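The structure under discussion appears below in the form of structure tokens.
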2 protein chains.
Amino acid sequence: VFEKINVRSSVAAYIQIENQVQFAVASGQLAGEDRLPSLHELSQKMNLNINTVAKAYRDLEITGILNSRRGMGAFINKGVEPKCREICRRRILERLKEVVSEARAAGMPAQEIKEICASSYASSASPYEEPPSALLAMAKKTGTAKK
Amino acid sequence: VFEKINVRSSVAAYIQIENQVQFAVASGQLAGEDRLPSLHELSQKMNLNINTVAKAYRDLEITGILNSRRGMGAFINKGVEPKCREICRRRILERLKEVVSEARAAGMPAQEIKEICASSYASSASPYEEPPSALLAMAKKTGTAKK
């Protein structure tokens, strides 16, 4: 489930962990009763401070997605899938709307936005990785300014 | 040029102002030598603290997009359009890639992302406004979890 954290992303590392768990539940890669790595395991694996992982796990517990059992690890709660899916969908929808409206305001044609989305979806880059260079090259295009 | 600032957005108010100026230059709505409202005018019009506007203008001056002439107001620098366009495109592309990869990780099918983008582009909502309710309703769809 866990992809590498990108420390240069504008998204904080602990939020990247939280999101990865939520996305995995929303997409069915993780289900109720599944066990997550312990704080120690995950911080080792991802080369992160244990407090960063602890913060993410604590937030996920407060949201009701995770429960920690002393000496046994952390488990996804049963029945959280629909809630998780809705949280993810809402958050993604709001961000998509924001960035598409930004693109529109900046004069980018709809067709170009479509192409960037399609390439992003097709590339198997994980969310917080730098965009692949082929994608970045699309930023250089001069494009036609829209009055 | 200036749309209302949304104080509930995750994007800070002064950044919203900076972005709006950059988008307007990138799209050709503002050009070199165009005059922006004074700090006082803009803070009144947008119902913002004058320091918030001052911070945005200062950043835009540092980036080389704006220059303030004492007693005359603030002016867009000549020849900044290509630079501005590239800054905007790169920023938008990175964010689009991020949120599309998030959507993919959360199991949203490509078709749905396309639809959300199309509705967002078609709605004339300004970037930092709340998404229109028709769009938000799309978050409730159950969707099919992808294994």
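Naming: A, B, ... by sequence-line order, numbering from 1 per chain. These numbers come from a predicted model, not from an experiment.
- Using a 4.5 Å cut-off between heavy atoms, B:Pro82 makes no contact with chain A at all.
- When each of B:Ile87, B:Ile116, B:Val99 is checked for heavy-atom pairs under 4.5 Å with chain A, B:Val99 comes out on top.
- Of the listed residues A:Ala110, A:Ser126, A:Ala122, the one with more heavy-atom pairs under 4.5 angstrom with chain B than any other is A:Ala110.
- Summarising the local packing, CZ of B:Arg69 is surrounded by more than 12 heavy atoms from other residues, nucleotides or ligands at distances under 6.0 Å.
- Linking ILVMFWY side-chain heavy atoms closer than 4.5 Å, directly or via other members, places B:Phe75 and B:Val53 in two distinct hydrophobic clusters.
- Residue contact with chain B, scored on non-hydrogen atoms closer than 4.5 Å, involves the backbone and the side chain of A:Leu96 alike.
- For B:Leu136, the parts lying under 4.5 angstrom from a heavy atom of chain A are both the backbone and the side chain.
- Transitive grouping of hydrophobic side chains (ILVMFWY, heavy atoms separated by less than 4.5 Å) brings B:Val100 and A:Val11 into a common cluster.
- Heavy atoms of B:Cys117 lying under 4.5 Å from chain A belong to its backbone as well as its side chain.
- Remark: B:Arg91 CZ to A:Glu102 CD distance equals 4.5 Å, nearest 0.5 Å.
- Rounding to the nearest 0.5 angstrom, the gap separating the CG atom in B:Leu135 from the NZ atom in A:Lys97 is 8.0 Å.
- The environment of NZ in A:Lys83 is crowded: more than 12 heavy-atom neighbours from other residues, nucleotides or ligands sit within 6.0 Å.
- Proximity to chain B (any heavy atom under 4.5 Å) is shown, for A:Glu129, by both the backbone and the side chain.
- Highest contact tally toward chain B, considering only A:Ser120, A:Pro127, A:Ser101, A:Pro131, is held by A:Pro127 [criterion: heavy-atom pairs under 4.5 Å].
- Cluster membership for A:Phe2 and A:Leu48, using ILVMFWY side-chain heavy atoms within less than 4.5 angstrom, is shared.
- For B:Arg104 (side chain) and A:Tyr121 (main-chain N/O), a donor-acceptor pair under 3.5 Å exists by modelled atom type.
- Only the side chain of B:Ser9 comes within less than 4.5 Å of a heavy atom of chain A; its backbone N, CA, C and O stay farther away.
- Proximity to chain B (any heavy atom under 4.5 Å) is restricted, for A:Ser123, to the backbone atoms N, CA, C and O.
- Between B:Glu130 atom CD and A:Glu94 atom CD the span is 6.5 Å, to the nearest 0.5 Å.
- Note that CE of B:Met108 is 12.0 Å distant from CZ of A:Arg85, once rounded to the nearest 0.5 Å.
- Considering CD of B:Glu98 and OH of A:Tyr128, their distance stands at 6.0 Å, rounded to 0.5 Å.
- Closest approach of B:Ala139 to A:Leu93, counting heavy atoms only: N-CD1, 3.7 Å.
- Listed options A:Cys88, A:Ala118, A:Ser119, A:Ala103 were ranked by heavy-atom pairs under 4.5 angstrom with chain B; first place goes to A:Ala103.
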